[in-house]
Amino acid sequence: MYMQQKYNPHAIERDAQKQWDESGAFRAAESADKPKYYCLSMFPYPSGKLHMGHVRNYTIGDVLTRYHRMKGYNVLQPMGWDAFGLPAENAAMANNVPPAKWTYDNIAYMKKQLMSLGLAIDWSREIATCKPDYYRWNQWLFLRMLEKGLVYKKTGTVNWDPVDQTVLANEQVIEGRGWRTGAVVEKREIPMYYMAITRYADELLAALDTLPGWPERVRAMQANWIGKSYGVRFAFPYTLDDKDGKLWVFTTRADTIMGVTFVAVAAEHPLAARAARDNPKLAAFVEECRHGSVMEADMATMDKKGMPTGIFVVHPLSDEKIEVWVGNYVLMGYGEGAVMAVPGHDERDFHFAKQYQLPISQVVDVAGKTFSVDAWQDWYADKENGRCVNSGKYDGLAYSAAVDAIAADLKAKGLGEKQVLYRLRDWGISRQRYWGCPIPIIHCNACGDVPVPDAQLPVVLPEDCVPDGAGNPLNKRADFVNCACPACGKPARRETDTMDTFVDSSWYYSRYPCSDNDKAMVDARTSYWMPVDQYIGGIEHAILHLLYSRFWTKVMRDFGLVKYDEPFANLLTQGMVLNEIFSRKTDSGRIVYFNPADIEIQVDDKANRCGAILRSDGQPVESGGMGTMSKSKNNGVDPQALIDEYGADIARFFMMFASPPEDTLVWNDAGVEGSSRFLKRLWTYGVRVRNGGGPTIAAGLQKTTRLEIHTVLKQANYDIARHQFNTVASASMKILNALDRLAGVEGEVVREGLSILLRLLAPITPHISHQLWRDLGYGEDILSAPWPETDEAALAQDEIALVVQINGKKRGDVRVPHDADRAAIENIVMADPAVQKHISGQPVKKVIVVPGRLVNIVV
RNA sequence: GCCGGGAUGGCGGAAUUGGUAGACGCACGGGACUCAAAAUCCCGCGGUGGCAACACCAUGGGGGUUCGAUUCCCCCUCCCGGCACCA
């Protein structure tokens, strides 16, 4: 075949992809003699077109896929679509197209884009979560969980837009207001289905220790999210309306119980409602608390406000009268929706007490410290060193002894006991939205909530609805809603809530192996491939998606569907790709975002940045700092332009070279020219080698070049194994530099060096590597060529260089025989004139020799 | 606010995890080639001082441990991710 003189990436890539496609090169088969390697990247939401985060994610996955194939594994890399979700409904409203059409069009376009990247994907296993043959199994497992009580119904709090009369996602609440209407959002209690993830809290926490292949930071985040805390649940008795009641609270600091000066309940707490009944000011406050979003970040950062209820409860141990307050910072969803307040030893309670002039009393002392109510000091909350004081019989006890004694006394009175509490809450999966998996329930006036019988699955979502922003359009679809009750046969109403899209993504990885099975959720092929050997995705998924997936896996295991305990053996959390966010606030308070490509940065006469304008209208826009590239912030950079201009190999190489996979990457394409130049040089060098001729490289030069190449290769192999692909890319540049520096191309070192270089590059730039491998006659197919390993013999040296330091500062270097012992090294170093000059007669106190590295002389 | 992570030249980043700070690349400056430009190739490139050899300073800021700290410990600042209905 004629080898073109000039590097033409588009032609090379088209040919290579055609060849891989026609030969079915990436079709994975279950039966093989080789060990299996299931390499999975988080599937994309089909938002319209690929963004940089996708290119980064899928290139990382492809590098690992191709690397492991060359390492001798039987590799599967599948792909699919997380196809349900809110953006499709927003697009539907904006363009008057059904979400289904929008979604399928996006999938078709993005699939083409992915294919142009040359990813080694087995497309025969493709899935889309919006298709009934996938989501029927969501419904099927939901029903199994319902049977076992793992799914149950209770009320939950949602954001309610009072103008549009619709439930809002947190993302649709901007500064406490609905994004379309600008109306102040209210909290509303509605019935929802929940999955009992808390039943698995202990296992989800404990099993983190069985995941050494997960980043430490992700395990830490999950552990904190589950938030196991040991404490005491106890009650303050009270009498109200001639009835006795108990106000339950949970605390991790029972040792401070004698310092309780008030109790705070959430605005949604029954006692708050009771008190508000005949207290208009309090009713107004409770009403005020009902406004604003349900987001925890908002709850935690808002001004702490409270109001007394006039209701008093009795301290369970001291019998003191304690007033109940309503606090806007008390969360109804955590613990009991009520907390004991100990202003002396809890920082938040302290500030609240100062604000409302409530008593503060000291009940814990730390030796040598003086308590003062003037200002909070961190030691007030120190449970390591604290001892009880002003606490009657508990005086002198340390934290755990005090908790034990107090819990025992509460138990004896029937007013409480030790309890383990999790921060983790059960998973509310009901969404009052159209574009999602229907919840398979039928509401019958006579029979209540009736599960859809398995024989009637799937409950198919009609694909021709166009939402209008006011409620779920399914409610207006008589053909969907009206049905017969499966129990009594009378007319009934189908549930119109759909499932959280996290349900779809909680098990898709188990479906790829058997995506064509229409009889079962999973089969033997799932058992062959699972668990995923390497999972790759954004760090933003560190908690929710990964925790829900772990939970579903354990549920499926307990139903006997699968045998593995954990879905992902190894996890690589890719850093976010950031770009600047530009926006304007409209008169209605709505925020409009502009793409950085349409923005011009303005500079003053000293070249300092002084503003930014939108090119189309010349008017200023605000900068919202750096943020992850996203559709909602409109700050994505279209990678297609990069691929169109440079080709997939250069785009992939640049993406890998730009930074380590796990680091946050602020997007800047300034360096792409360097990657382009490198691959051009590689091609040109390949042409020269193929043409041959010129002098044979001298033996000595061949030896030093081999040493250099194998030294670089050794490091590259270390780096690729720890997923530091940016230095693998630079290693390939170093090898080309070393070869190119030689005067000729005739010599064994060229043939070996280029063979190493092409194989090292094959996972990153598969197309050019494939073409050069063939053109230079190394073999038919680099895909399955053996991974290059270091030749230790090439690394042998007679002499090595050691750095010489005086008092830790570098003062020179010396060459010593590679086998010189400590004494010999010291002799050589001390004889060095530069060393003698620096010592200049001062007494040598100590000589530190680090073998193979340096000598430090302390004077 | 809470949890997790980060900060190294003009820029992306490297430093075999306590041992030469700045590999590799970008940008920039100089030169070669060219009628010219592009492309390509060669040289230089953290800061200050010095003709130079070289010296001093320098890994967000401040302390500490150590013969030696970008790396370990404590405090602080700023930035990023997550906070349960964005995916």
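Just so it is clear: chains get the letters A, B, ... in the order the sequence lines come, proteins before strands, and each one is counted from 1.
Taking the side chain as every heavy atom from C-beta outward, A:Met192 and A:Asp497 never approach each other to under 4.5 Å. A 4.5 Å side-chain heavy-atom check between A:Ile439 and A:Ser430 finds at least one atom pair inside the cut-off. Taking 4.5 Å as the limit, some side-chain heavy atom of A:Glu708 sits within range of a side-chain heavy atom of A:Arg741.
Spacing between B:G10 and B:G19 at atom P, rounded to whole Å, works out to 26 Å. With P as the reference atom, B:A36 and B:G44 are 26 Å apart, rounded to whole Å. If you take atom P in B:G62 and the same atom in B:A52, they sit 31 Å apart, rounded to whole Å. B:U17 sits 12 Å from B:A69 when the C1' atoms are compared, rounded to a whole Å. On the P atoms, B:G4 is 13 Å away from B:C75, given to the nearest whole Å. Between B:A7 and B:G60, the two P atoms lie 8 Å apart (nearest whole Å). Taking atom C1' on both B:G25 and B:C76, the two are 35 Å apart, rounded to the nearest angstrom. A distance of about 34 Å separates the C1' atoms of B:A14 and B:C33, rounded to the whole Å.
Residue A:Ala670 is in sugar-phosphate contact alone, with no base atom involved, counting any heavy-atom pair closer than 4.0 Å across all strands shown. Among the heavy atoms of the strands lying under 4.0 Å from A:Leu854 is at least one base atom, whether or not backbone atoms are also near. As judged by a 4.0 angstrom heavy-atom cut-off over every strand, A:Val167 is placed among the base-contacting residues. In this structure, A:Asn737 reaches the sugar-phosphate backbone alone: every heavy-atom distance under 4.0 Å involves primed, P, OP1 or OP2 atoms, never a base. Counting any heavy atom pair closer than 4.0 Å across all strands shown, A:Met299 reaches no nucleic acid atom. When heavy atoms are screened at a 4.0 angstrom cut-off, A:Met499 is found touching no nucleic acid atom at all. Using a 4.0 Å heavy-atom criterion, one finds that A:Arg423 contacts the bases of the nucleic acid, with or without backbone contacts as well. Nucleic acid contact class of A:Glu347 (heavy atoms, under 4.0 Å, all strands): none. The residue A:Gln805 sits close to a base: some heavy atom pair falls under 4.0 Å. At the heavy-atom level, A:Asn726 lies under 4.0 Å from the strands shown only through sugar-phosphate atoms. Heavy atoms of A:Val803 sit under 4.0 angstrom from at least one base atom. Base contact: A:Leu424 has a heavy atom under 4.0 Å from a base atom. The residue A:Ser430 sits close to a base: some heavy atom pair falls under 4.0 Å. Residue A:His541 is classed as a base contact, given a heavy-atom separation below 4.0 Å to a base.
Under 3.5 Å, the side chains of A:Arg56 and A:Ser659 contain a donor-acceptor pair of N or O atoms.
Side-chain N/O atoms of A:Asn224 and base N/O atoms of B:C3 include no donor-acceptor pair closer than 3.5 Å.
Minimum atom distance to the side chain of A:Ala297 is reached by B:C83, of the listed B:C67, B:C86, B:C83. In this structure, the nucleotide among B:A55, B:A23, B:G81 sitting nearest to the side chain of A:Ser730 is B:A23.
Each of A:Pro44 and A:Val218 has a nearest nucleotide on RNA chain B; the 5'-most of these lies closest to A:Val218. Nearer to the 5' terminus of RNA chain B, by closest-nucleotide assignment, is the contact made by A:Thr727 (compared with the other of A:Asp740 and A:Thr727).
The environment of NZ in A:Lys304 is crowded: more than 12 heavy-atom neighbours from other residues, nucleotides or ligands sit within 6.0 Å. Under a cut-off of 6.0 angstrom, the local environment of CD in A:Gln165 is crowded, with over 12 non-hydrogen atoms contributed by other residues, nucleotides or ligands. Dense packing is recorded around NZ of A:Lys187, with more than 12 heavy atoms of other residues, nucleotides or ligands lying under 6.0 Å away. Enclosure of atom CD in A:Glu384 is not indicated, since only 12 or fewer non-hydrogen atoms of other residues, nucleotides or ligands lie within 6.0 angstrom.
For A:Phe657 and A:Phe678, the ring centers are positioned 6.0 Å apart or more. Aromatic pair A:Phe84/A:Tyr135: ring centres closer than 6.0 Å.
Look at B:U40: its glycosidic torsion is beyond 90° from 0, and that puts it in the anti range. Nucleotide B:G61 is shown with an anti base, its glycosidic torsion being more than 90° from 0.
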Full working for ring-ring contact (aromatic ring centres under 6.0 Å, His included) between A:Trp552 and A:Tyr508: CA-CA 11 Å; A:Trp552 261 64; A:Tyr508 72 105; over 10 Å; no

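Applying the 4.0 Å criterion to OP1 and OP2 of B:C57, one finds that A:Lys809 has a side-chain N or O inside that range. Taking side-chain N and O atoms only, A:Arg217 has no distance below 4.0 Å to OP1 or OP2 of B:G82. One finds a side-chain N or O of A:Gln724 lying less than 4.0 angstrom from the OP1 or OP2 phosphate oxygen of B:A15. OP1 or OP2 of B:C26 sits under 4.0 Å from a side-chain N or O of A:Arg677. Taking side-chain N and O atoms only, A:Thr628 has no distance below 4.0 Å to OP1 or OP2 of B:G81.
Taking atom CE of A:Met302 as the reference point, atom C1' of B:C83 lies 14 Å away to the nearest angstrom. One atom, NZ of A:Lys845, and another, P of B:G68, lie 10 Å apart when rounded to the nearest Å. The nearest whole Å value for the distance from the CH2 atom in A:Trp667 to the P atom in B:C11 is 19 Å. A straight line from CG of A:Asp719 to C1' of B:U17 spans 13 Å, rounded to a whole angstrom. Regarding A:Glu216, its CD atom lies at a distance of 11 Å from the C1' atom of B:G4, rounded to whole Å. Rounded to whole angstrom, the span from the CD atom of A:Glu296 across to the P atom of B:G82 amounts to 14 Å. Computed from coordinates, the A:Asp813 CG to B:G19 C1' distance equals 14 Å when rounded to whole Å. The distance from atom CG of A:Leu665 to atom P of B:G13 is 7 Å, rounded to the nearest whole Å.
Scanning for ring-ring contact (aromatic ring centres under 6.0 Å, His included) contacts around A:His54 gives A:His51, A:Tyr58, with sequence neighbours left out.
In RNA chain B, runs of at least 3 consecutive Watson-Crick or G-U pairs, each pair with both distances below 3.5 Å, span B:1-7 with B:77-83, B:10-12 with B:24-26, B:28-32 with B:40-44, B:46-49 with B:54-57, B:60-64 with B:72-76.
Using modelled atom types, no side-chain atom of A:Arg431 and backbone atom of A:Ala169 make a donor-acceptor pair closer than 3.5 Å.
Put simply, the residue from A:Asn90, A:Asp161, A:Val185, A:Asn159 that forms a side-chain contact (heavy atoms from CB on, under 4.5 Å) with A:Gln172 is A:Asn90.
Using a 4.0 Å cutoff on non-hydrogen atoms, the parts of residues 654-663 of chain A near RNA chain B are A:Phe657, A:Ala658, A:Ser659, A:Pro660, ordered by number.
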